[in-house]
Structures are given as structure tokens and as C-alpha cells.
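Below is one structure, written out as C-alpha cells, with a few remarks after it.
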Amino acid sequence: MAIDWTPKAQAVLAAASELFYERGIHAVGVDVIAAKAGVTKKTLYDRFGSKERLVVEYLSARDARWREFLRESLEKAGPAPRDRLAAAFDASESWAKKYGGKGCGMINAHAEISDPAHPAYAVVTESKRWMLGVFAELAESAGVSDPHRVAEQIMLLHEGAVVMAGMRVAENVFARAAETAVVLLG
């Protein structure tokens, strides 16, 4: 079912996105989303069909915004792999400050949706696989001997920084993780 992106559908997605991120996916019912969007539950279901589909659209839209945000940062960094890697961590820090007060939306969603059969599960895991691919491309362009292994190590640093920033466990986590990640490129 293709979504008819009417203004009401867009209002539902905006309301759901805010509520799911702030309160959690399972904690928010469609009645709350409909009320915040200023529509009826019938309109919500007419546009999205189910809460599951709305969750998929929320996560897909968030992921698309992140990818564009990162793409712009990488373009500004120029062609050097080390500069691009540092820019990726800088972008993550900027994103976290602007959109991530409660941590990574994908990690948070995975905490609630760990069943691979749930349609949103694929969105969450693909988002993280995509990020791993970004790091693999950077490692390959830097000429490291085992780009996949190095990409996984960088991903571990990145995701650790994302979690620590979301939990406010330490200061300057992205800068410190980036320092180590750049060393991995050799």
C-alpha cells in the first residue's frame, strides 16, 4: 500500500516521530498520535494502515534525514579518508546535539523491536549496516589491509560514542572516539 502523503498524513508522521522518539514506540498509542496530529484514528489508519507501518515510516524518515545530514558533512570534508572519517564523527556529534537528546533513534527502536519478523526491524538493522558500509568505504579508500575489520572497529567506536552521548556518561565522546578511529586508518 502506497501512502498518500496528504497534509494530514504528514501531520500524523510528524506527531508520531516526535512521540515515538520522546516517549518510546510501545508507550505511545495511535489515539495519542491522532490527537497530537489533529486527526481521527480513522484518518491515521486510512493513511498508514497500522501502527507498525507508521513505525516503519518514522524510522525510515529519520534514517533518510541522517543519511543526507552525513552525506553533506562528508562532501564538505573533501576526499581525504581521515578527514572524511573525522567529519563522520563530527556529524554524529552535531546530530546528537540537534536531534538526539534521548540517544540514537535506531538503537532505541531496537530495544523495543528485537523481533526480526517486525517490519521495522529491517529498517533499524539496515541503517546500521549502511553506516558500517560508510566506514568500510573510508577504510578501503585509506588503503588499510583489512577494510572490513577496520570498519567494524570504527563502527564499535562510533556506536559506543552514540550510546555514551545519549546517556551523557562522558564528555567529548565523539572527538575522543574519532581520534582513535583515525588511528585505525593508519
Side-chain angles (χ1 to χ4, degrees), residues 13-14 16-25 55-114 116 120-186:
L13 181 59
S17 296
E18 180 182 329
L19 291 165
F20 288 155
Y21 184 74
E22 289 299 319
R23 298 183 191 175
I25 292 166
V55 171
V56 167
E57 295 301 327
Y58 150 64
L59 292 170
S60 296
R62 189 172 178 93
D63 183 48
R65 283 193 318 273
W66 161 245
R67 290 180 190 212
E68 180 61 20
F69 190 86
L70 180 60
R71 185 193 62 73
E72 289 173 4
S73 295
L74 294 177
E75 280 182 9
K76 290 176 189 171
R82 284 172 191 79
D83 293 343
R84 291 173 67 81
L85 182 57
F89 280 84
D90 288 346
S92 294
E93 180 176 27
S94 295
W95 178 272
K97 287 178 180 174
K98 189 171 185 178
Y99 305 111
K102 294 207 172 250
C104 174
M106 297 300 161
I107 292 171
N108 296 348
H110 186 264
E112 295 190 68
I113 302 169
S114 58
Y121 185 86
V123 177
V124 170
T125 56
E126 177 51 33
S127 176
K128 295 303 180 179
R129 282 189 189 101
W130 178 82
M131 195 67 201
L132 180 61
V134 168
F135 293 139
E137 287 176 18
L138 291 172
E140 190 172 312
S141 65
V144 300
S145 62
D146 189 349
H148 184 72
R149 179 179 165 85
V150 170
E152 286 178 343
Q153 292 170 327
I154 293 169
M155 185 73 169
L156 289 168
L157 289 165
H158 181 265
E159 295 304 296
V162 167
V163 171
M164 289 181 72
M167 296 176 71
R168 295 173 185 79
V169 173
E171 298 292 319
N172 302 315
V173 293
F174 289 105
R176 295 195 334 237
E179 287 174 15
T180 304
V182 168
V183 170
L184 292 171
L185 291 186

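This structure is a prediction, so every number in the text was calculated from the model and none was measured.
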*Carefully, step by step, assess I113 and V124 under the rule side-chain contact (heavy atoms from CB on, under 4.5 Å).*
CA-CA 9 Å; I113 302 169; V124 170; over 6 Å; no
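- The backbone N or O of A77 lies less than 3.5 Å from no partner atom in the side chain of R84, so there is not a single donor-acceptor pair.
- A side-chain donor-acceptor contact under 3.5 Å links S94 to the backbone of D90.
- Counting heavy atoms of neighbouring residues, nucleotides and ligands inside a 6.0 Å radius, atom CZ of R149 does not exceed 12 of them.
- Put simply, the side chain of N108 gets close to the backbone of K102: a donor and an acceptor are under 3.5 Å apart.
- A salt bridge links E75 with R71: the distance from a Lys NZ or Arg NE/NH1/NH2 to an Asp or Glu carboxylate oxygen falls below 4.0 Å.
- Of the possible polar contacts, none joining the R176 side chain to the A161 backbone as a donor-acceptor pair under 3.5 Å is found.
- Counting heavy atoms from C-beta on, the side chains of W130 and L70 come closer than 4.5 Å.
- Nearest heavy-atom pair across H158 and S92 is NE2-OG, 2.6 Å.
- Note that CZ of F20 is 13.0 Å distant from CZ of R62, once rounded to the nearest 0.5 Å.
- When all heavy atoms of A87 and L74 are compared, the pair lying nearest together is CB-CD2, 4.4 Å.
- Contact record, M106 with S127: CG-OG, 3.7 Å, taken as the closest heavy-atom pair.
- Side chains of Y58 and Y21 form a contact here, defined as non-hydrogen atoms less than 4.5 Å apart.
- Counting heavy atoms from C-beta outward, I154 and L85 have side chains that approach closer than 4.5 Å.
- Of all heavy-atom pairs spanning F89 and A181, the tightest one is CE1-CB, 3.6 Å.
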*Decide side-chain contact (heavy atoms from CB on, under 4.5 Å) for V144 and L184; before the verdict, give the C-alpha distance in whole Å, the side-chain angles of both, and the deciding distance to 0.1 Å.*
CA-CA 8 Å; V144 300; L184 292 171; over 6 Å; no
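- Side-chain contact between K128 and E159 is present, with heavy atoms from C-beta onward closer than 4.5 Å.
- Inter-residue side-chain proximity for D63 and L59 is flagged as unmet; no heavy-atom pair is nearer than 4.5 Å.
- Between Y121 and H110, the angle of the ring planes lies from 30° to 60°, which puts this pair in the tilted group.
- Within a 6.0 Å radius of CD in E126, more than 12 heavy atoms belonging to other residues, nucleotides or ligands are found.
- With rounding to the nearest 0.5 Å, the separation of CD in E57 from CG in L13 is 7.0 Å.
- In terms of heavy-atom proximity, V173 sits nearest to A165 at CG2-CB, 3.8 Å.
- No more than 12 heavy atoms of other residues, nucleotides or ligands lie within 6.0 Å of CZ in R23, so this atom counts as exposed by the packing criterion.
- No donor-acceptor distance shorter than 3.5 angstrom exists from the side chain of R82 to the backbone of V183, with no hydrogens or angles considered.
- The two atoms that bring H148 and L132 nearest to each other are CE1-CD2, 4.3 Å, heavy atoms only.
- At distances below 3.5 Å, not a single donor-acceptor pair connects side-chain atoms of R67 with backbone N or O atoms of M131.
- Counting non-hydrogen atoms of other residues, nucleotides and ligands closer than 6.0 Å to CD of E68 gives a total above 12.
- Listed for the E93 side chain is no donor-acceptor partner under 3.5 Å among the backbone atoms of F174.
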